[in-house]
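Below you'll find the structure, written out as C-alpha coordinates, and then a few comments.
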Amino acid sequence: IFMGIMLEKSGLAESLLETMAMLFGRMRGGLAIAVVIVGALLAASTGIVGATVVTMGLISLPTMIKRGYSPSLASGTVASAGTLGQIIPPSVVLVLLGSQLNVPVGDLFRAALLPGLLLVACYIIYILIQAQLHPNSAPAISPEEIKAFQSKGFVGRIVKAFLFPILLIVAVLGSIFAGIASPTEAAAVGALGATILTIIQGKFNLGILKEVMQQTTHLTCMVFLILLGATTFALVFRGLGGDEALV
(Lines give C-alpha, C1' and ligand atoms only; values in the text may rest on other atoms or scores of the structure.)
Protein backbone atom coordinates (compact mmCIF):
# COMPACT_ATOMS: atom_id res chain seq x y z
CA ILE A 1 0.00 0.00 0.00
CA PHE A 2 2.86 2.37 0.87
CA MET A 3 4.51 1.53 -2.46
CA GLY A 4 1.31 2.26 -4.42
CA ILE A 5 0.60 5.62 -2.80
CA MET A 6 4.26 6.70 -3.04
CA LEU A 7 4.27 5.84 -6.76
CA GLU A 8 1.12 7.87 -7.24
CA LYS A 9 2.93 10.90 -5.76
CA SER A 10 6.06 10.37 -7.92
CA GLY A 11 4.42 11.53 -11.15
CA LEU A 12 5.57 8.38 -13.01
CA ALA A 13 1.99 7.59 -14.05
CA GLU A 14 1.67 10.88 -15.95
CA SER A 15 4.88 10.38 -17.92
CA LEU A 16 3.98 6.73 -18.61
CA LEU A 17 0.53 7.65 -19.93
CA GLU A 18 1.82 10.53 -22.04
CA THR A 19 4.49 8.33 -23.65
CA MET A 20 2.12 5.39 -24.24
CA ALA A 21 -0.52 7.68 -25.74
CA MET A 22 1.97 8.93 -28.32
CA LEU A 23 3.20 5.39 -29.10
CA PHE A 24 -0.34 4.16 -29.84
CA GLY A 25 -1.77 7.51 -30.90
CA ARG A 26 -1.68 6.87 -34.67
CA MET A 27 -4.37 4.18 -34.46
CA ARG A 28 -8.05 4.63 -33.61
CA GLY A 29 -8.60 3.86 -29.94
CA GLY A 30 -4.85 4.16 -29.33
CA LEU A 31 -5.25 6.44 -26.31
CA ALA A 32 -7.72 4.00 -24.69
CA ILE A 33 -5.29 1.11 -25.33
CA ALA A 34 -2.52 3.20 -23.74
CA VAL A 35 -4.75 3.71 -20.67
CA VAL A 36 -5.32 -0.08 -20.36
CA ILE A 37 -1.59 -0.89 -20.65
CA VAL A 38 -0.64 1.85 -18.16
CA GLY A 39 -3.39 0.55 -15.85
CA ALA A 40 -1.83 -2.93 -16.05
CA LEU A 41 1.68 -1.55 -15.35
CA LEU A 42 0.39 0.50 -12.42
CA ALA A 43 -1.51 -2.56 -11.11
CA ALA A 44 1.73 -4.57 -11.21
CA SER A 45 3.60 -1.67 -9.58
CA THR A 46 1.10 -0.68 -6.87
CA GLY A 47 -1.36 -3.50 -6.15
CA ILE A 48 -4.06 -1.14 -4.89
CA VAL A 49 -7.11 -0.18 -6.92
CA GLY A 50 -7.87 3.16 -5.24
CA ALA A 51 -4.55 4.77 -6.14
CA THR A 52 -4.69 3.49 -9.74
CA VAL A 53 -8.29 4.57 -10.42
CA VAL A 54 -7.77 8.03 -8.91
CA THR A 55 -4.50 8.52 -10.80
CA MET A 56 -5.93 7.31 -14.12
CA GLY A 57 -9.15 9.26 -13.63
CA LEU A 58 -7.36 12.54 -12.94
CA ILE A 59 -4.81 12.17 -15.74
CA SER A 60 -6.43 10.24 -18.59
CA LEU A 61 -10.19 10.91 -18.42
CA PRO A 62 -10.00 14.68 -19.17
CA THR A 63 -7.43 13.97 -21.94
CA MET A 64 -9.66 11.36 -23.61
CA ILE A 65 -12.77 13.58 -23.45
CA LYS A 66 -10.77 16.55 -24.83
CA ARG A 67 -9.60 14.42 -27.77
CA GLY A 68 -13.17 13.52 -28.75
CA TYR A 69 -13.60 10.10 -27.12
CA SER A 70 -17.16 9.16 -26.17
CA PRO A 71 -17.70 9.66 -22.40
CA SER A 72 -18.94 6.06 -21.98
CA LEU A 73 -15.86 4.51 -23.64
CA ALA A 74 -13.48 6.87 -21.81
CA SER A 75 -14.95 6.29 -18.34
CA GLY A 76 -15.39 2.55 -18.96
CA THR A 77 -11.75 2.23 -20.01
CA VAL A 78 -10.53 4.06 -16.88
CA ALA A 79 -12.80 2.02 -14.57
CA SER A 80 -11.82 -1.35 -16.07
CA ALA A 81 -8.09 -0.54 -16.36
CA GLY A 82 -8.06 0.82 -12.82
CA THR A 83 -9.50 -2.35 -11.31
CA LEU A 84 -6.77 -4.55 -12.82
CA GLY A 85 -5.02 -4.00 -9.48
CA GLN A 86 -7.50 -6.52 -8.00
CA ILE A 87 -6.03 -9.45 -9.95
CA ILE A 88 -2.58 -8.54 -11.32
CA PRO A 89 0.00 -9.27 -8.57
CA PRO A 90 1.12 -7.86 -6.18
CA SER A 91 -2.55 -7.40 -5.21
CA VAL A 92 -3.79 -6.48 -1.74
CA VAL A 93 -6.97 -8.50 -2.43
CA LEU A 94 -4.89 -11.63 -3.10
CA VAL A 95 -3.02 -11.04 0.17
CA LEU A 96 -6.41 -10.88 1.98
CA LEU A 97 -7.62 -14.04 0.20
CA GLY A 98 -4.40 -15.88 0.98
CA SER A 99 -4.72 -15.17 4.70
CA GLN A 100 -8.39 -16.26 4.74
CA LEU A 101 -7.89 -19.43 2.67
CA ASN A 102 -4.54 -20.38 4.27
CA VAL A 103 -2.90 -20.45 0.82
CA PRO A 104 0.67 -19.08 0.30
CA VAL A 105 0.43 -15.56 -1.14
CA GLY A 106 3.30 -16.27 -3.57
CA ASP A 107 1.29 -19.16 -5.08
CA LEU A 108 -1.76 -16.91 -5.50
CA PHE A 109 0.40 -14.27 -7.20
CA ARG A 110 1.75 -16.84 -9.67
CA ALA A 111 -1.76 -18.17 -10.37
CA ALA A 112 -3.26 -14.72 -10.98
CA LEU A 113 -0.64 -13.46 -13.44
CA LEU A 114 -1.94 -15.19 -16.60
CA PRO A 115 -5.67 -14.41 -16.02
CA GLY A 116 -4.70 -10.78 -15.37
CA LEU A 117 -2.78 -10.55 -18.65
CA LEU A 118 -5.65 -12.28 -20.53
CA LEU A 119 -8.03 -9.67 -19.14
CA VAL A 120 -5.74 -6.88 -20.45
CA ALA A 121 -5.74 -8.56 -23.90
CA CYS A 122 -9.56 -8.80 -23.86
CA TYR A 123 -9.89 -5.10 -23.00
CA ILE A 124 -7.55 -4.13 -25.87
CA ILE A 125 -9.45 -6.34 -28.38
CA TYR A 126 -12.75 -4.81 -27.25
CA ILE A 127 -11.42 -1.26 -27.71
CA LEU A 128 -10.07 -2.10 -31.21
CA ILE A 129 -13.46 -3.54 -32.28
CA GLN A 130 -15.34 -0.59 -30.74
CA ALA A 131 -13.03 1.88 -32.55
CA GLN A 132 -13.68 0.15 -35.91
CA LEU A 133 -17.45 -0.02 -35.42
CA HIS A 134 -17.77 3.54 -34.07
CA PRO A 135 -14.78 5.57 -35.41
CA ASN A 136 -16.04 8.84 -33.91
CA SER A 137 -16.03 7.38 -30.39
CA ALA A 138 -12.25 6.76 -30.42
CA PRO A 139 -10.40 9.12 -32.81
CA ALA A 140 -6.65 8.93 -33.49
CA ILE A 141 -4.21 11.62 -32.29
CA SER A 142 -3.21 14.07 -35.01
CA PRO A 143 0.15 13.37 -36.78
CA GLU A 144 1.32 16.93 -36.01
CA GLU A 145 0.96 16.37 -32.26
CA ILE A 146 2.82 13.04 -32.41
CA LYS A 147 5.60 14.65 -34.49
CA ALA A 148 5.94 17.49 -31.96
CA PHE A 149 6.24 14.97 -29.11
CA GLN A 150 8.83 12.87 -30.98
CA SER A 151 11.04 15.89 -31.61
CA LYS A 152 11.70 16.36 -27.86
CA GLY A 153 14.07 13.52 -26.88
CA PHE A 154 11.57 10.78 -27.71
CA VAL A 155 13.79 7.73 -27.08
CA GLY A 156 15.04 9.07 -23.74
CA ARG A 157 11.49 9.73 -22.57
CA ILE A 158 10.36 6.22 -23.53
CA VAL A 159 13.27 4.63 -21.67
CA LYS A 160 12.68 6.80 -18.58
CA ALA A 161 8.90 6.24 -18.55
CA PHE A 162 9.14 2.44 -18.88
CA LEU A 163 12.39 1.61 -17.13
CA PHE A 164 11.53 2.73 -13.58
CA PRO A 165 8.13 0.99 -13.20
CA ILE A 166 9.44 -2.21 -14.86
CA LEU A 167 12.49 -2.27 -12.54
CA LEU A 168 10.13 -1.96 -9.57
CA ILE A 169 7.87 -4.76 -10.86
CA VAL A 170 10.88 -7.03 -11.45
CA ALA A 171 12.29 -6.23 -7.99
CA VAL A 172 9.02 -7.03 -6.20
CA LEU A 173 7.52 -9.91 -8.22
CA GLY A 174 10.89 -11.31 -9.32
CA SER A 175 12.12 -11.64 -5.73
CA ILE A 176 8.89 -13.50 -4.76
CA PHE A 177 8.78 -15.81 -7.81
CA ALA A 178 12.51 -16.62 -7.53
CA GLY A 179 12.08 -17.52 -3.86
CA ILE A 180 14.60 -14.88 -2.77
CA ALA A 181 12.09 -12.96 -0.64
CA SER A 182 8.78 -13.65 1.08
CA PRO A 183 5.82 -11.40 0.05
CA THR A 184 6.40 -9.32 3.22
CA GLU A 185 10.11 -8.84 2.43
CA ALA A 186 9.29 -8.06 -1.22
CA ALA A 187 6.80 -5.43 -0.02
CA ALA A 188 9.64 -3.73 1.90
CA VAL A 189 11.77 -3.79 -1.29
CA GLY A 190 8.86 -2.22 -3.19
CA ALA A 191 8.31 0.49 -0.57
CA LEU A 192 12.01 1.43 -0.66
CA GLY A 193 12.05 1.28 -4.49
CA ALA A 194 9.00 3.56 -4.83
CA THR A 195 10.57 6.06 -2.40
CA ILE A 196 13.84 6.07 -4.39
CA LEU A 197 11.89 6.61 -7.65
CA THR A 198 10.03 9.56 -6.09
CA ILE A 199 13.39 11.05 -5.01
CA ILE A 200 14.79 10.56 -8.57
CA GLN A 201 11.70 12.30 -10.00
CA GLY A 202 12.36 15.25 -7.65
CA LYS A 203 8.91 14.97 -6.02
CA PHE A 204 10.02 13.76 -2.58
CA ASN A 205 9.78 15.89 0.57
CA LEU A 206 8.79 15.41 4.23
CA GLY A 207 5.23 16.59 3.53
CA ILE A 208 4.79 13.90 0.85
CA LEU A 209 6.28 11.25 3.17
CA LYS A 210 3.90 12.23 5.99
CA GLU A 211 0.89 12.17 3.64
CA VAL A 212 1.86 8.75 2.22
CA MET A 213 2.35 7.31 5.72
CA GLN A 214 -1.04 8.63 6.88
CA GLN A 215 -2.87 7.22 3.85
CA THR A 216 -1.04 3.89 4.24
CA THR A 217 -2.13 3.69 7.89
CA HIS A 218 -5.76 4.47 7.00
CA LEU A 219 -5.89 1.81 4.26
CA THR A 220 -4.08 -0.78 6.39
CA CYS A 221 -6.54 -0.23 9.27
CA MET A 222 -9.43 -0.64 6.82
CA VAL A 223 -7.96 -3.92 5.51
CA PHE A 224 -7.54 -5.28 9.05
CA LEU A 225 -11.11 -4.33 9.98
CA ILE A 226 -12.30 -6.30 6.92
CA LEU A 227 -10.17 -9.27 8.05
CA LEU A 228 -11.52 -9.01 11.60
CA GLY A 229 -15.12 -8.91 10.34
CA ALA A 230 -14.55 -11.82 7.93
CA THR A 231 -12.90 -13.96 10.61
CA THR A 232 -15.69 -13.24 13.14
CA PHE A 233 -18.35 -14.06 10.55
CA ALA A 234 -16.62 -17.31 9.54
CA LEU A 235 -16.22 -18.45 13.18
CA VAL A 236 -19.89 -17.79 14.04
CA PHE A 237 -21.06 -19.33 10.77
CA ARG A 238 -19.06 -22.52 11.39
CA GLY A 239 -19.89 -22.57 15.11
CA LEU A 240 -23.61 -22.63 14.31
CA GLY A 241 -23.08 -25.40 11.73
CA GLY A 242 -23.72 -23.16 8.72
CA ASP A 243 -21.10 -24.86 6.54
CA GLU A 244 -22.57 -28.33 7.23
CA ALA A 245 -26.12 -27.08 6.46
CA LEU A 246 -24.89 -25.68 3.12
CA VAL A 247 -23.15 -28.97 2.21
Side-chain angles (χ1 to χ4, degrees), residues 4 7-8 10-46 49-88 113-169 197 201 203:
L7 259 190
E8 185 192 338
S10 72
L12 270 172
E14 288 98 320
S15 58
L16 238 184
L17 190 67
E18 195 177 284
T19 310
M20 288 293 293
M22 292 304 163
L23 282 174
F24 289 97
R26 295 178 191 276
M27 58 199 289
R28 290 191 186 280
L31 184 55
I33 290 169
V35 169
V36 170
I37 294 171
V38 172
L41 284 170
L42 286 178
S45 308
T46 64
V49 170
T52 310
V53 173
V54 169
T55 307
M56 301 293 281
L58 290 173
I59 304 161
S60 59
L61 196 59
T63 310
M64 291 168 85
I65 299 293
K66 190 175 78 179
R67 294 186 191 281
Y69 273 70
S70 73
S72 59
L73 181 64
S75 54
T77 302
V78 171
S80 53
T83 52
L84 286 167
Q86 296 271 31
I87 186 167
I88 293 178
L113 194 58
L114 184 61
L117 294 174
L118 282 171
L119 201 55
V120 172
C122 289
Y123 288 163
I124 291 171
I125 291 164
Y126 175 84
I127 290 164
L128 288 170
I129 294 168
Q130 184 79 0
Q132 291 304 314
L133 294 175
H134 308 283
N136 292 333
S137 69
I141 296 174
S142 66
E144 295 81 21
E145 199 174 339
I146 293 169
K147 199 173 180 182
F149 181 83
Q150 287 176 342
S151 63
K152 297 179 286 186
F154 187 55
V155 176
R157 290 172 81 167
I158 289 177
V159 171
K160 193 180 175 186
F162 280 95
L163 188 64
F164 293 148
I166 287 169
L167 280 175
L168 193 61
I169 293 164
L197 290 186
Q201 294 288 102
K203 299 281 179 78

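It should be emphasised that the depicted structure is a prediction, and the values quoted were computed from it without experimental measurement.
Separating the CG atom in Leu114 from the CG atom in Leu119 is a distance of 11.0 Å, to the nearest 0.5 Å. Here the straight-line distance linking atom CG of Leu168 with atom CG of Leu41 works out to 11.0 Å at 0.5 Å rounding. Here OG1 of Thr77 is found 9.5 Å from CG of Leu61. Values are rounded to the nearest 0.5 Å.
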Show me the side-chain donor-acceptor pairs of residues 121-131 shorter than 3.5 Å, one per line, residues at least two apart or across chains.
none

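Across Ser75, Ser70, Pro71, a single residue satisfies side chain to side chain contact (heavy atoms under 4.5 Å, CB included) together with Ile65, and that is Pro71.
For Asn136 against Pro139, the heavy-atom pair with the smallest separation is O-CD, 3.8 Å. Of all non-hydrogen atoms in Leu84 and Gly116, the two that sit nearest each other are CD2-O, 4.4 Å.
When side chains are defined from C-beta on, Leu73 does not count as touching His134, because their heavy atoms never get closer than 4.5 Å.
A search for side-chain hydrogen bond (donor to acceptor under 3.5 Å, both in side chains) contacts involving Arg28 returns nothing, not counting sequence neighbours.
Sorted by first then second residue, the salt bridge (charged side-chain N to carboxylate O under 4.0 Å, His left out) pairs that include residues 56-71, not counting sequence neighbours, are Arg67-Glu145.
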